[in-house]
Structure formats: C-alpha cells, structure tokens
There are 2 protein chains.
Amino acid sequence: MCTPYHNASCANCQDRFGSILFKAEKCNLEEIESAKVCTTYKKGQIVFQEGAYPFGIYCVNTGKIKLSHCGDDGREQIVRLAKPGDIIGYKALLSAERYTASAIALDDSSVCFIPKDLFMSVLQKDASLSLEMMRILASELRKAEMKITHLAQKPVRERLAETLLFIRETYGVEQDGSTLNVRLSREEIANLVGTATESAIRLLSEFKKDGLIELQGKKIRLLNPEELTRTANLQD
Amino acid sequence: MCTPYHNASCANCQDRFGSILFKAEKCNLEEIESAKVCTTYKKGQIVFQEGAYPFGIYCVNTGKIKLSHCGDDGREQIVRLAKPGDIIGYKALLSAERYTASAIALDDSSVCFIPKDLFMSVLQKDASLSLEMMRILASELRKAEMKITHLAQKPVRERLAETLLFIRETYGVEQDGSTLNVRLSREEIANLVGTATESAIRLLSEFKKDGLIELQGKKIRLLNPEELTRTANLQD
DNA sequence: TCTCCCCTTTGATACCCATCATTGCCCCCC
DNA sequence: GGGGGGCAATGATGGGTATCAAAGGGGAGA
C-alpha cells in the first residue's frame, strides 16, 4: 500500500523548506540522509497510529499531515497540522512512550522515516540539532498553552475565525491569493476548533453571510482577513 | 522584598526531589551550582511575569508555584503547577521570546535562578541534560494536548474531577492521607479547570453532597478517589 | 472584639451550543 | 441513469454553563 524509496534528497527539503533537520552538522545530516526511508501516502492513509510504539521519527517531504487525538468518547481532536519540512512523531520518541496521536495524510504525501536509534544517537552528539529540537518543542508547547486558554475562555465563533487564519498561516493560499490551500471536511474543521460539526457549519455560513468568507464545497476563500482577525479577537 | 542567598545546595535538591538538573554531568552541575542564586518568595509574589524577557531559568527548591496565562479578556488560565525539583521559565528561554505566562508563588517558596548564558552554554555541551530537557518538554506537550482534547470534549463536571486528582498527583496529600496538600482559592480551581468560579463552586458542593469530597474552607479532602476517577471518565 | 472587605455560596436567568432529526446535495459505483 | 452512501446544510429543542445579583461567612487589622 505504501511505496518506499530512497531517491528523495534531504538537501532538496532544505532548499525548499529549511527543515529543522538542517540544523544538524553536515556529517550527521549525511548519516541521516543515507539511513532514511521515504514513503508515499495517499490521502487518508495513516502514517502512525495512536497507541503504537514509535520506531523513529518522520519528516514530511511533500503533502499535508494532520495529527489527532482520539477523545474518550471517540471524537477526534486535531492537535496539529504538519507541512513539508515539519517533523512528526518526536514527542512519543523523546518521552519513550506510545503515540498519543495518530498521523493521517490530508493529501497525497511523501514522508521520510528516520530510525529511532540513529536519530537518538545523532541527537546525543549534535548539540546544534538538540537545541533546535528544544526550540521546536518549546514553541509547540507555547502554542498548545495558548490554545488551552482560548478553548477555556473564547466562544466558538472567535475560535473558528482564529482557526481559519491558522490554516492560512500553515498551508497558505492558492494562486488567487485567498483560497485556503487545503481541503478539510466540515468535521475536520470542527475538530480543529473543538466544537460540534453542525456548529462549525452554522458559523461558516454566518461568516459567509457577513462577507468574511466564500464557500464552494470544501474550498474556503478568506475575503476579509482583517475583519476575520477582529472577529477572532486576538491580542497576542 | 525578596531575599537572595547562596547557601541552598543543589545536592540537597537532588536528594529530596531528583530534579532534572541532576541529569547533567557532574562538572556542569557544579558550575550551575556555583552560579545559581536562590531567592525566597512569599505567597502571592511574582517570580516572573508574562510579557517580560527571560534572563535565565528557575528551579523550584521549596514551595509551590502556579504558571498562568492571562486571557484576552483578562481572565487567568492556569497552565501548570510546579513543585520542588521542577524547573520553570524554560519555554521562553529556549524559544528566545518573552514569557507567555506568569509564575506566582502559591505558598512561601524558595526558587533558584540560573543565568541564561550559563544554562544555554551547559545545554550546548551536555548531551545528557539536553536529552532530559527534551523529555520534559515532550511530556509537557503531551499533557497539554490531552488537556486540549478534554477541554474541547468533556463537561465541566468531569474536568473538575480530573483536576482534583491532578492536584493530588502534583502536590500530594497531608498526614491524614486524603486532604490535598495545597490551598487554592475557588477562583484558582476554576481557572485550572477552565470554567467560571461559580460553576466550580457549585460542582464542588455537588461532589460534597455525593460524598466524594469534604470541604473545610480551602481544605479539600478526597474521600473517594476511585469514584472520583470514574466521575472524571478517564480512559488513558 | 468589632468591623470591613474579600471570598464563598446560592439563586435566578439567559444564552450559547450540543444534540437529534430531516432534507438536500454531490459523487461514486453498480 | 438510477440508487446509495457520505457529507453538508438547516431547523427544533434541551441542557449545560456563564452571567448577574445578592446574601452569607470568615479572617485580618484596627
């Protein structure tokens, strides 16, 4: 179902995305490059699954990956969106526990796998990579805590506006300069926001009525990002 | 208002709490130990404040510290509870940005300060400390994501039960084996749960009526932790 | 000991939002 | 082309929570 191959170069990734792995010293990067295995995933396919033990980390080469928890009642909560150059699966590896989230392709994607032992040994000897790793972790933690505060204190309407801007931030827009460059189901949007699907739908059509966005199937155009920012009521 | 002194030994901390700093190699630990400055804070005093630039990290020696965001509407959201042996303020330092949370003493506390340059230079050369640092970050991130899921999906009642158990986990209980070993205001409990103060109060008295807990001012006794766990509806 | 102020508590009310149910739509496949 | 299934949209409803208001404690300081 997946096709492993070795011909994707990390150097390519570097040029295109400035992935974090390129904070590693050159010799270590080469070591990683020679050991990594690139795999393609079709939209909807699972890269790794919540509950499984990690055997390495993944670096997104092309495509889009969502990371989501499964709540106790079975409902999904999307905790992160990964784009090319991002690494995923490091949390479980670093804390030596099972995955607490599943990684699922939102688009056809190609993802490099770096074996656990190799990555950990490079991490041991490469201070520069370690520091970058910590920077990423600290930054993710900061975002997570911000999200906690907003979930606790902001109404769904504001959180949805914020989420739309976040999606634009993450995946950018298409040629027209305003259509979000990713196709998410209404349910996925709701699971990002942390609300019921129907509420997300209702508020999306409100936004549409208010001229903030335009909807065409799964395509979402942000017509008025400034007003959307105001709707999100952000201060930081 | 604060009293700096140098006589607190990190080795003491090690014996008592197995703080993370003791993953550092011995020579590095000694370097840290000689440079650190210990300060005492009275209950309610601020260790560092949201928005300020970090000059180093802090290691809690004795006492209890809360870390809280200030939401856009001014309401506080407590994102972490720190106990002796824990380090705080590392997120801002590692990502080289301003603090996104304030640290405030919940009890009279003594906290060691380690200057930024020293800590970062030790981090550069000490792979063992770096790894431990990453482990801590990964673990915090895991907890944060779990909290996000629960905030999005669970009712206040379940989250309050979970919070009470979390407080017990963090600060333990008094001699009697059931009274939570920390005094928090109702508002602080609410800000931990992510709800309104009145809701927290109402549900606490419900728990009391149901024989789950006993209330005596700010003292909270967990009479039936098993049932409380069931009320929290946890599966992980 | 008294008083004041803050924290806690309880009640009443409104509303946001989840849930259930129904309809309509589009696309895939038979 | 005609189902069929999944997804989107909209309405109706109820419940969980926030908010407002007001009264009841309890500790600190005079």
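In what follows, every chain begins at residue 1, and chains take the letters A, B, ... in the order their sequences are listed. All values below were derived from every heavy atom in this structure, side-chain atoms included, with hydrogens, water molecules and symmetry-related copies excluded. Source: prediction; values computed, not measured.
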Asker: Tabulated below should be each protein N or O lying under 3.5 Å from an N or O of nucleotides 23-28 of chain D; please produce it.
Answerer:
none

Asker: Any side-chain N or O of Lys218(A) below 4.0 angstrom from OP1/OP2 of dC26(C)?
Answerer: no

Asker: Select base, sugar-phosphate, or nothing to describe what Arg75(A) touches, counting heavy atoms under 4.0 Å on all strands.
Answerer: sugar-phosphate

Asker: Please determine which of Glu158(A), Glu162(A), Arg159(A), Glu145(A) meets the side-chain hydrogen bond (donor to acceptor under 3.5 Å, both in side chains) test together with His150(A).
Answerer: Glu162(A)

Asker: Side chains of Ile220(B) and Leu164(B), heavy atoms from C-beta outward: is any pair under 4.5 Å?
Answerer: yes

Asker: For DNA chain C, find the residues of residues 193-208 of chain B with a heavy-atom distance under 4.0 Å and give them by number; none if there aren't any.
Answerer: Glu198(B), Ile201(B), Arg202(B), Ser205(B)

Asker: What is the separation between atom CG on Leu151(B) and atom C1' on dA18(D), rounded to the nearest whole Å?
Answerer: 15 Å

Asker: Indicate whether the side chain of His69(B) and that of Glu76(B) have a donor and an acceptor atom separated by less than 3.5 Å.
Answerer: no

Asker: Should we say atom CZ of Arg183(A) is surrounded by more than 12 heavy atoms from elsewhere, each under 6.0 Å from it?
Answerer: yes

Asker: Can you sort out the partners of Glu226(A) under side-chain contact (heavy atoms from CB on, under 4.5 Å), two or more places apart, ordered by chain and number?
Answerer: Asn224(A), Arg230(A)

Asker: Less than 4.5 Å apart, side chain to side chain, heavy atoms only: is that true for Arg186(B) and Leu204(B)?
Answerer: yes

Asker: Find out whether the Lys NZ or Arg CZ of Lys64(A) is both under 6.0 angstrom from the six-membered ring centre of Tyr171(A) and within 45° of the ring's axis.
Answerer: yes

Asker: Do you know which two heavy atoms are closest between Val173(B) and Arg168(B), and how far apart they sit?
Answerer: CG1-CG, 3.6 Å

